[in-house]
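The block underneath contains the structure these notes are about, expressed in structure tokens.
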Amino acid sequence: MKHEYKGLRRIISAFKNSLDGFLFAFREEEAFRQDLLFFAIGLIAMFLFDFSMIERLMLFSGLFFVLFAEVVNSSVEACIDRISPDWHKLSKAAKDMGSLLVFLSFIYFFVVWVSVFSRFI
């Protein structure tokens with residue numbers, strides 16, 4: 001699926017594809033919707049406290065990494081399901097590693113948020 005567009009038209013097309021990906025993830029992936037809600041709540045929490053710009057960037061990176069990991073995980077799962085619905089050890093391994101990516105992103109989120117909020121304790 002090579003695109004023929006160049007310049008601004010390619011950028012607009014890429015943006016449309018990204019929007020389509022977001023809409024698909026929002027419609028079809030419950031975990032993405034849950035993580036998006038988590039992201040929104042976290043964004044609000046970031047501005048309820050007196051954080052420096054660096055602290056806010058760190059907090060945002062934790063939230064963003066969770067969404068990023070969820071999209072990658074969902075992409076891997078979609079590819080595996082497209083190839084075959086049958087069980088295979090490599091399909092399981094790919095899906096499990098995608099799940100591990102999401103888990104690691106939550107660990108990163110937790111470490112960052114606890115570290116930043118610890119100055120209020």
Quiz prompt | Under 3.5 Å: donor-acceptor pair, side chain of Ser115, backbone of Val111 | solution = yes
Quiz item: Sequence neighbours excluded, which residues qualify as side chain to side chain donor-acceptor pair (under 3.5 Å) partners of Asp20?
Solution: Lys16
Quiz item: Would a hydrophobic clustering, with Ile, Leu, Val, Met, Phe, Trp and Tyr connected at side-chain separations under 4.5 Å, put Leu48 with Met46?
Solution: yes
Practice problem: Please list, chain by chain and in numerical order, all residues satisfying ring-ring contact (aromatic ring centres under 6.0 Å, His included) with Phe32, sequence neighbours excluded. | Solution: Phe22
Self-check item: Shared hydrophobic cluster, Leu43 / Phe38 (ILVMFWY, side-chain heavy atoms < 4.5 Å)
Solution: yes
Quiz item: What residue pairs, at least two apart or across chains, pass salt bridge (charged side-chain N to carboxylate O under 4.0 Å, His left out) with a residue in residues 21-44?
Solution: none
Exercise. Enumerate the residue pairs fulfilling salt bridge (charged side-chain N to carboxylate O under 4.0 Å, His left out) with a member in residues 111-121, sequence neighbours excluded, ordered by first and then second residue.
Key: Glu55-Arg119
Practice problem: List, by chain and then residue number, the residues other than Leu37 in its hydrophobic cluster (Ile/Leu/Val/Met/Phe/Trp/Tyr, side-chain heavy atoms under 4.5 Å); write none if there are no others. | Solution: Ile41
Practice problem: May I ask you to list the residues sharing a hydrophobic cluster with Leu8, side-chain cutoff 4.5 Å, ordered by chain and number? | Solution: Ile12
Exercise. Only pairs at least two apart or in different chains count here, so list each salt bridge (charged side-chain N to carboxylate O under 4.0 Å, His left out) that has a residue in residues 70-95.
Key: Asp81-Lys95, Lys92-Asp96
Quiz item: Between the side chain of Trp113 and the main-chain N/O of Leu59, is any donor-acceptor distance below 3.5 Å?
Solution: yes
Quiz item: Are Val72 and Leu19 connected, step by step, through hydrophobic side chains (Ile, Leu, Val, Met, Phe, Trp, Tyr) whose heavy atoms are closer than 4.5 Å?
Solution: yes
Quiz prompt | For Phe49, all residues meeting ring-ring contact (aromatic ring centres under 6.0 Å, His included), sequence neighbours excluded | solution = Phe51, Phe117, Phe120
Indicate every side-chain donor-acceptor pair of residues 97-107 with a distance under 3.5 Å to a residue at least two apart or in another chain.
{"residue": "Ser105", "atom": "OG", "partner": "Val102", "partner atom": "O", "Å": "2.6"}

Exercise. Quick one: which residue pairs count as a side chain to side chain donor-acceptor pair (under 3.5 Å) with a foot in residues 38-49, not counting sequence neighbours?
Key: none
Quiz item: Under the ring-ring contact (aromatic ring centres under 6.0 Å, His included) rule, what pairs show up with a residue in residues 63-96, not counting sequence neighbours?
Solution: Phe60-Phe64, Phe65-Tyr108
Practice problem: Report yes or no: do Phe15 and Phe24 belong to one cluster of Ile/Leu/Val/Met/Phe/Trp/Tyr joined by side chain heavy-atom distances under 4.5 Å? | Solution: no
Self-check item: Closest non-hydrogen atom pair, Leu63 against Gly42
Solution: CD1-C, 3.6 Å
Quiz item: What is the distance from atom CZ of Arg9 to atom CD of Glu4, rounded to the nearest 0.5 Å?
Solution: 9.0 Å
